[in-house]
Amino acid sequence: MGGFFQNVFQVFFLIGLLLLYVISIIILKPFRIHRKRPVTTIFLKVTYLLFLFFFLVFTYLLLFGAKQYSDEAIPYDTLFNVHFLFFLSSTIVPNLGIMIRRRIKKKRVEYNLVVSIVNLIYLLYLIYAISSGKWALL
């Protein structure tokens, strides 16, 4: 009976993640063209949405994925390791970057590019962590 409730919880959690992603697409309006900075604004929004997608996949795997790793891979025995700190900062930095973008009036193109590069760095890390199985060691 415990397996049934776990499966129901997984389905509700997955629906919540999908709803969160759809709402963020609706709020960001990623392909709405900005008159002054069309390329950097679209680049910022697309990199954020790609980051958010892989972040949600990583979170789902972290909570519900089968944590299978080889015998020579040892789970980290300390809470604060490089992967955990990178994951923790990925929950804050890109979200802050996308939220305060409208408050930046001067040098907005440079801001969009820097935040897009930060989003790409976190995106590449999440892709690496998902594909290599490093998420199982958190």
Side-chain angles (χ1 to χ4, degrees):
M1 197 68 169
F4 172 74
F5 288 117
Q6 182 179 3
N7 290 338
V8 170
F9 183 67
Q10 281 181 320
V11 168
F12 279 129
F13 195 80
L14 189 61
I15 290 171
L17 291 178
L18 288 173
L19 188 63
L20 178 71
Y21 192 71
V22 168
I23 288 172
S24 61
I25 289 174
I26 291 170
I27 289 173
L28 277 181
K29 299 175 188 144
F31 297 110
R32 191 170 105 192
I33 305 297
H34 193 276
R35 284 178 285 164
K36 293 180 185 176
R37 333 171 253 289
V39 176
T40 59
T41 303
I42 289 176
F43 187 56
L44 173 67
K45 291 178 181 181
V46 168
T47 56
Y48 176 74
L49 288 174
L50 283 172
F51 156 77
L52 184 63
F53 175 77
F54 281 99
F55 180 78
L56 295 175
V57 168
F58 186 82
T59 304
Y60 182 81
L61 286 175
L62 193 61
L63 292 174
F64 300 114
K67 293 179 176 53
Q68 299 172 355
Y69 39 85
S70 62
D71 292 335
E72 65 265 0
I74 301 169
Y76 303 109
D77 49 347
T78 63
L79 180 62
F80 296 107
N81 56 57
V82 174
H83 294 288
F84 178 74
L85 291 176
F86 211 73
F87 173 71
L88 188 64
S89 67
S90 74
T91 62
I92 298 168
V93 174
N95 293 316
L96 277 177
I98 202 73
M99 286 191 313
I100 65 171
R101 75 185 196 285
R102 292 193 177 201
R103 297 208 169 120
I104 306 295
K105 299 295 181 196
K106 297 179 182 177
K107 300 196 184 238
R108 178 79 178 266
V109 172
E110 292 84 2
Y111 175 80
N112 286 348
L113 288 175
V114 167
V115 173
S116 297
I117 290 170
V118 168
N119 288 343
L120 282 175
I121 290 170
Y122 281 116
L123 171 68
L124 292 175
Y125 169 73
L126 290 174
I127 291 172
Y128 163 73
I130 290 170
S131 64
S132 69
K134 292 286 184 185
W135 60 269
L137 298 175
L138 284 178

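Throughout, residue positions are numbered sequentially from 1 according to the sequence presented.
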ask   = Would one find more than 12 heavy atoms of other residues, nucleotides or ligands at under 6.0 Å from atom OH of Tyr60?
value =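 Result for OH/Tyr60: enclosed.
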inquiry  = Surrounding CZ of Phe9 (heavy atoms of other residues, nucleotides or ligands, distance under 6.0 Å), is the total greater than 12?
reply    =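 Not buried by this count: 12 neighbours or fewer within 6.0 Å.
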Would a hydrophobic clustering, with Ile, Leu, Val, Met, Phe, Trp and Tyr connected at side-chain separations under 4.5 Å, put [X] with [Y]?
X      : Y     : value
Ile27  : Tyr21 : no
Val57  : Val11 : no
Ile100 : Ile98 : yes
Ile117 : Val93 : yes
Met99  : Ile26 : no

Provide the closest heavy-atom pair for [X] versus [Y] in the form atom of the first, atom of the second, distance.
X      : Y      : value
Thr40  : Arg37  : OG1-CB, 3.5 Å
Pro30  : Ile25  : CD-O, 3.5 Å
Pro94  : Ser89  : CD-O, 3.9 Å
Lys107 : Glu110 : CA-OE1, 3.2 Å
Phe64  : Phe13  : CE1-CD2, 3.4 Å
Ile130 : Phe58  : CG1-CD1, 3.8 Å

So how far is it from [X] [atom1] to [Y] [atom2], rounded to the nearest 0.5 Å?
X      : Y      : atom1 : atom2 : value
Leu28  : Ile23  : CG    : CD1   : 12.0 Å
Leu56  : Leu126 : CG    : CG    : 10.0 Å
Phe54  : Ser90  : CZ    : OG    : 13.5 Å
Leu52  : Leu123 : CG    : CG    : 11.0 Å
Ile127 : Ser132 : CD1   : OG    : 11.5 Å
Ser116 : Ile121 : OG    : CD1   : 11.0 Å

Backbone N or O of [Y] within a donor-acceptor pair of the [X] side chain at under 3.5 Å?
X      : Y      : value
Thr47  : Leu44  : yes
Tyr125 : Phe87  : no
Arg101 : Tyr111 : no

request  = Take Phe55 and Tyr122 through the ring-ring contact (aromatic ring centres under 6.0 Å, His included) test and state the conclusion after the steps.
outcome  = CA-CA 9 Å; Phe55 180 78; Tyr122 281 116; 9.3 Å; no
Side chain to side chain, Phe43 and Asn119, heavy atoms closer than 4.5 Å = no
message = Measuring only between side-chain heavy atoms, which start at C-beta, is Tyr128 closer than 4.5 Å to Leu124?
response = no
query = Going through the distances and angles, do Asn112 and Thr41 end up as a side-chain contact (heavy atoms from CB on, under 4.5 Å)?
reply = CA-CA 6 Å; Asn112 286 348; Thr41 303; 3.5 Å; yes
